[in-house]
Visitor: 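Here it is: the structure, laid out below.
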Amino acid sequence: MIETVNLTKKYGSFTAVEDLNLSISEGTVYGVVGQNGAGKSTTFQILATLMSPTYGSAYISGFDITKEPAKVRQVIGYMPDFFGVYDQFKAEEYLHFYGASYGLSVAEREEVIPQLLELVNLTGKRDSYVDLLSRGMKQRLCLARALIHNPKVLILDEPASGLDPRARVEMREILKELKAMGKTIIISSHILPELAEMCDEIGVINCGQLVATGTVSEIQTKLQVHKEIIVTVSGEMERAVRFFEGELEVLNVSVVENGVGKIQFGFRGSDSSQQALIKKAVLADIPLLGFQTLEKNLEDVFMEIMKEVEVEGE
Amino acid sequence: MKSLFMNPVLNKEIRLRFRSSKSFIGIASYLSILGLISLGFIGLTLSFDGGTFRPEESRSMFLLISMLQLSLVIFITPGLTGGVISSERERQTLPILLTTAQSSSSIILSKLFSSLAYLLLIVFASAPLYMIVFLYGGISPMSVLASFGLYTFTMLVIGSIGVLASTVIRKTIIAMVTTYSIAFFLTGGLAVITLMLTSFSYTFQQQGQEYIWPFIFASMNIPIMFFSVFEESIMTEFKHMAGFEFSPWIIFFGVYGAVIVGSLALAIRKLRPKMQAREYPK
Ligand SMILES: Nc1ncnc2c1ncn2[C@@H]1O[C@H](COP(=O)(O)OP(=O)(O)O)[C@@H](O)[C@H]1O
Ligand SMILES: [Mg+2]
């Protein structure tokens with residue numbers, strides 16, 4: 001559905017995206033993770049036909065972005081990382097304008113706009129001036145706009161950036177609905193855990209290069225990224241420590257100082273083997289009180305990826 | 001055709017512009033000023049002339065109002081059009097607009113027409129004032145029609161240049177300054193050049209040579225050509241120097257028609273990036 005071939009973008013002599021090869025099949029939600037300046041927005045702008053690649057090309061729904069950009073525009077819904085709104089518009093008028101820009105008739109727009117407002121939880125705001133909406137609401141309105149012509153492919157550049165935690169959760173719920181509707185989505189973020197939950201696949205880019213791609217657990221195992229887990233038990237500390245030490249995918253078991261009954265260890269397995277571990281601990285009569293996964297932030301993952309890249313380079 | 005003219009951008013721009021009360025205050029104050037000037041003019045001539053307003057005076061008043069309106073067009077068009085694309089770029093609404101299915105030509109043309117719509121409305125709203133002129137005579141209805149045609153044409157010329165500047169120049173301020181400079185060059189600058197060239201004409205005439213340049217430059221000058229609608233004699237002198245009979249309007253419409261078409265075509269081409277397909281060097 002989305003494919004990039006040797007995609008390269010240079011700003012003068014500076015290479016922002018280098019030889020990027022992505023292949024995203026229909027219905028997949030693909031997350032692009034990378035620090036600020038990694039080249040995410042550049043890639044997305046090229047996919048949205050707003051910028052020409054320096055080398056290589058990309059195909060969306062079979063159309064070459066360099067040869068048939070107008071056809072590409074028909075099948076994509078694009079949400080930029082930073083965008084403005086026409087502040088004199090009311091929310092509903094805003095959607096009408098973009099609906100008309102895609103050639104939808106008034107009747108078609110009147111049918112689809114209430115549905116979209118419902119989807120992004122803005123039904124109550126349809127008569128509010130766009131300018132007066134909160135950042136989270138503007139972001140959701142922009143998402144509704146990107147959906148107005150019912151595109152098969154969504155290109156969402158950091159849709160959750162700058163939002164407070166509640167607005168983030170709301171955005172994530174909407175994206176899950178879109179995923180359920182079968183859209184092919186490419187979405188970016190600089191925070192890995194934010195994407196991990198809803199993406200089928202993840203690509204990590206650094207300095208314009210794809211350094212890792214695959215499913216979330218593939219990336220974690222491939223890069224030997226392990227989770228940190230803290231278990232709380234109501235007693236029998238020693239037996240519990242011995243139990244976890246005996247597990248294959250567990251490493252570095254230690255008793256947390258000052259934490260009553262807390263044991264910390266690294267875990268290298270997938271989500272399902274984590275479930276199996278919990279079940280096994282319960283069956284082994286370990287007096288479990290709590291089981292907590294510490295999310296690794298992107299920094300940690302990056303450090304590990306970068307270490308690996310360096311080792312390979314030597 | 002319908003899709004070019006009745007399209008969402010045009011619709012949106014016009015709706016948003018006429019939503020603000022500023023627009024109506026603008027029209028009202030402009031018309032009052034023009035009205036006051038006309039009444040003042042009539043009042044003054046009456047007091048000097050002892051109670052009659054003659055056709056020649058009516059004619060000078062018409063010329064005065066017409067020149068005022070032409071200056072209005074020349075001064076306002078760059079401001080209205082110099083920001084049409086660049087301001088959307090600055091407000092970060094342009095990328096979204098460019099990813100919609102609208103064609104570049106429909107975006108550019110509707111931006112041009114919507115920004116000129118307000119000025120057209122102002123200028124045409126002044127038409128009733130010309131009733132005074134008709135009342136006192138001195139000017140033919142055809143000349144009045146021609147003057148309105150020329151206002152519109154002038155708007156299109158400067159407006160197309162403004163839209164082009166706004167498309168290729170990132171900053172609105174710089175695009176506007178560029179458009180103003182070009183507009184002032186085409187009006188004042190060319191008039192000065194014409195005058196300077198005319199001052200050399202004596203030498204040429206003494207040697208019995210033909211001297212076409214004043215004629216050419218005068219034909220490309222909007223105010224001179226505008227004036228020649230009412231005072232054809234202006235051009236006869238230039239024609240005489242040039243030594244041939246040739247309608248200056250052919251030069252005028254030829255050059256500026258090309259300017260309009262060329263500017264708009266270039267703006268349409270430059271609005272979206274040129275997508276290039278190049279092999280990745282191995
Ligand atoms: N128009 C531009 N001109 C020059 N450099 C740019 C331009 N846009 C982006 N860059 C540079 O390209 C790199 C990638 O930027 P970007 O794609 O916006 O990264 P991200 O979205 O991942 O934060 C950055 O180093 C940025 O400074
Ligand atoms: Mg970015």
Side-chain angles (χ1 to χ4, degrees), chain A residues 5-8 18-21 41 44-58 64-89 93-94 96-104 109 142 145-146 148-149 151 155 157, chain B residues 2-23 83-111 114 167 170 172 268-282:
Chain A
V5 182
N6 305 132
L7 194 72
T8 302
E18 189 165 8
D19 198 13
L20 189 66
N21 291 287
S41 298
F44 282 29
Q45 280 166 31
I46 295 172
L47 290 178
T49 74
L50 289 171
M51 205 191 267
S52 173
T54 310
Y55 299 116
S57 191
D64 186 336
I65 55 152
T66 61
K67 302 218 171 70
E68 297 179 292
K71 292 211 171 116
V72 170
R73 278 175 221 128
Q74 288 282 3
V75 295
I76 60 166
Y78 169 63
M79 188 170 162
D81 49 353
F82 301 105
F83 62 90
V85 291
Y86 302 109
D87 42 18
Q88 291 152 300
F89 267 145
E93 291 173 319
Y94 178 84
H96 265 285
F97 168 64
Y98 287 105
S101 296
Y102 283 103
L104 301 187
R109 281 181 262 151
C142 187
R145 176 206 58 75
I148 193 122
H149 55 303
I155 300 171
D157 198 356
Chain B
K2 182 169 170 283
S3 65
L4 270 191
F5 289 97
M6 274 317 299
N7 75 43
V9 173
L10 190 60
N11 187 329
K12 166 205 136 220
E13 301 278 328
I14 290 180
R15 263 191 30 204
L16 291 187
R17 178 169 292 280
F18 290 100
R19 181 170 283 177
S20 77
S21 52
K22 263 191 289 184
S23 309
V84 285
I85 301 295
S86 51
S87 70
E88 291 231 13
R89 196 182 284 125
E90 283 165 354
R91 284 158 54 195
Q92 296 183 312
T93 48
L94 189 64
I96 297 180
L97 189 62
L98 294 186
T99 46
T100 67
Q102 290 202 75
S103 68
S104 302
S105 45
S106 122
I107 293 176
I108 289 288
L109 292 180
S110 48
K111 279 286 184 183
S114 57
T167 308
R170 306 222 137 236
T172 298
I268 289 168
R269 264 221 358 230
K270 293 283 175 191
L271 181 65
R272 287 188 165 107
K274 188 168 179 289
M275 298 299 269
Q276 293 172 319
R278 264 188 287 173
E279 285 284 313
Y280 184 70
K282 289 286 175 261

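As the structure is a computational prediction, the values presented were derived from the model and not from experiment. Labels below follow one simple rule: chain letters A, B, ... track the order of the sequence lines, proteins then strands, and each chain is numbered from 1.
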Visitor: Just one of A:Leu7, A:Asn6, A:Asn21 clears the side-chain contact (heavy atoms from CB on, under 4.5 Å) bar with B:Tyr280, so which one?
Guide: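 The option that passes is A:Asn6.
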
Visitor: For A:Phe82, is it the side chain, the backbone, both or neither that has a heavy atom under 4.5 Å from a heavy atom of chain B?
Guide: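 Contact with chain B involves both backbone and side-chain atoms of A:Phe82.
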
Visitor: Between A:Pro69 and chain B, which part of the residue has a heavy atom less than 4.5 Å away: side chain, backbone, both or neither?
Guide: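 For A:Pro69, the contact with chain B is made by the side chain alone.
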
Visitor: Any idea which heavy atoms bring A:Leu50 and B:Pro273 closest together, and the distance?
Guide: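 Closest approach of A:Leu50 to B:Pro273: O-CG, 3.2 Å.
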
Visitor: Shorter than 4.5 Å, heavy atoms on both sides: which option in A:Gln74, A:Met51, A:Met79 has the most such pairs with chain B?
Guide: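 Of the options given, most contacts go to A:Met51.
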
Visitor: Shortest non-hydrogen contact from A:Cys142 to B:Ile96?
Guide: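 Heavy-atom minimum between the residues: SG-CD1, 4.1 Å.
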
Visitor: What do the steps show when you test A:Ile65 against B:Met275 for side chain to side chain contact (heavy atoms under 4.5 Å, CB included), and what is the final call?
Guide: CA-CA 8 Å; A:Ile65 55 152; B:Met275 298 299 269; 3.9 Å; yes

Visitor: By a 4.5 Å heavy-atom criterion (distance strictly below it), what part of A:Glu93 contacts chain B: side chain, backbone, both, or neither?
Guide: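 Contact with chain B: side chain only.
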
Visitor: side-chain hydrogen bond (donor to acceptor under 3.5 Å, both in side chains) with B:Thr99: which residues, sequence neighbours excluded?
Guide: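 side-chain hydrogen bond (donor to acceptor under 3.5 Å, both in side chains) check on B:Thr99 returns nothing, list empty.
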
Visitor: With a 4.5 angstrom heavy-atom cut-off, is it the side chain or the backbone of A:Ala48 that approaches chain B, or both, or neither?
Guide: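 Contact with chain B involves both backbone and side-chain atoms of A:Ala48.
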
Visitor: Within this structure, what is the OG1-CZ distance for the pair A:Thr54 and B:Arg278, rounded to the nearest 0.5 Å?
Guide: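 Here the rounded value is 6.5 Å.
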
Visitor: Is A:Glu18 in contact with chain B via its backbone, its side chain, both, or neither, using a 4.5 Å heavy-atom distance?
Guide: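 Just its side chain gets close to chain B.
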
Visitor: Please name all residues satisfying ring-ring contact (aromatic ring centres under 6.0 Å, His included) with A:Tyr94, sequence neighbours left out, ordered by chain then number.
Guide: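 Scan of A:Tyr94 (ring-ring contact (aromatic ring centres under 6.0 Å, His included), adjacent residues dropped) gives A:Tyr98.
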
Visitor: Mind checking the CG-CD spacing from A:Asp81 to B:Gln92? Nearest 0.5 Å is all I need.
Guide: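 It is 8.5 Å, given to the nearest 0.5 Å.
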
Visitor: Need one label for A:Ile46: side chain, backbone, both or neither, based on atoms under 4.5 Å from any heavy atom in chain B.
Guide: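 It is the backbone, since no side chain atom gets that close.
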
Visitor: Please determine whether side chain to side chain contact (heavy atoms under 4.5 Å, CB included) holds for the pair A:Tyr86 and B:Leu97, giving the CA-CA distance in whole Å, both sets of side-chain angles, and the decisive distance to 0.1 Å.
Guide: CA-CA 11 Å; A:Tyr86 302 109; B:Leu97 189 62; 4.3 Å; yes

Visitor: Hey, is the main chain of B:Ala277 close enough, under 3.5 Å, to the side chain of A:Ser57 for a donor-acceptor pair?
Guide: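 No; zero donor-acceptor contacts below 3.5 Å.
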
Visitor: Quick check on the interface: out of B:Glu279, B:Gln102, B:Lys12, who has the most heavy-atom pairs with chain A under 4.5 Å?
Guide: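 Answer, by heavy-atom pair count under 4.5 Å with chain A: B:Lys12.
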
Visitor: Check whether B:Arg91 gets within reach of chain A through its side chain, its backbone, both or neither, counting any heavy atom under 4.5 Å.
Guide: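 Both parts, backbone and side chain.
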
Visitor: Hey, does B:Pro95 have a side-chain heavy atom less than 4.5 Å from the side chain of A:Phe83?
Guide: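 A side-chain contact under 4.5 Å is absent here.
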
Visitor: Would A:Phe97 and B:Val9 count as a side chain to side chain contact (heavy atoms under 4.5 Å, CB included) if you check the C-alpha gap in whole Å, the side-chain angles of each, and the deciding distance to 0.1 Å?
Guide: CA-CA 8 Å; A:Phe97 168 64; B:Val9 173; 4.2 Å; yes

Visitor: Under 4.5 Å heavy-atom distance to chain B, tell me which part of A:Val72 shows up: side chain, backbone, both or neither.
Guide: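 Nothing of A:Val72, per the 4.5 Å heavy-atom cut-off to chain B.
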
Visitor: With chain B, which of A:Gly103, A:Ser101, A:Gly99 has the greatest number of heavy-atom pairs at distances under 4.5 Å?
Guide: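 Heavy-atom pairs under 4.5 Å are most numerous for A:Ser101.
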
Visitor: Chain B heavy atoms under 4.5 Å from A:Gln88: which part of the residue, side chain, backbone, both or neither?
Guide: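 Contact with chain B is through both the backbone and side chain of A:Gln88.
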
Visitor: Which atoms of B:Glu90 are under 4.5 Å from chain A, going by heavy atoms: the side chain, the backbone, both sets, or neither?
Guide: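 It is neither, since no heavy atom gets under 4.5 Å.
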
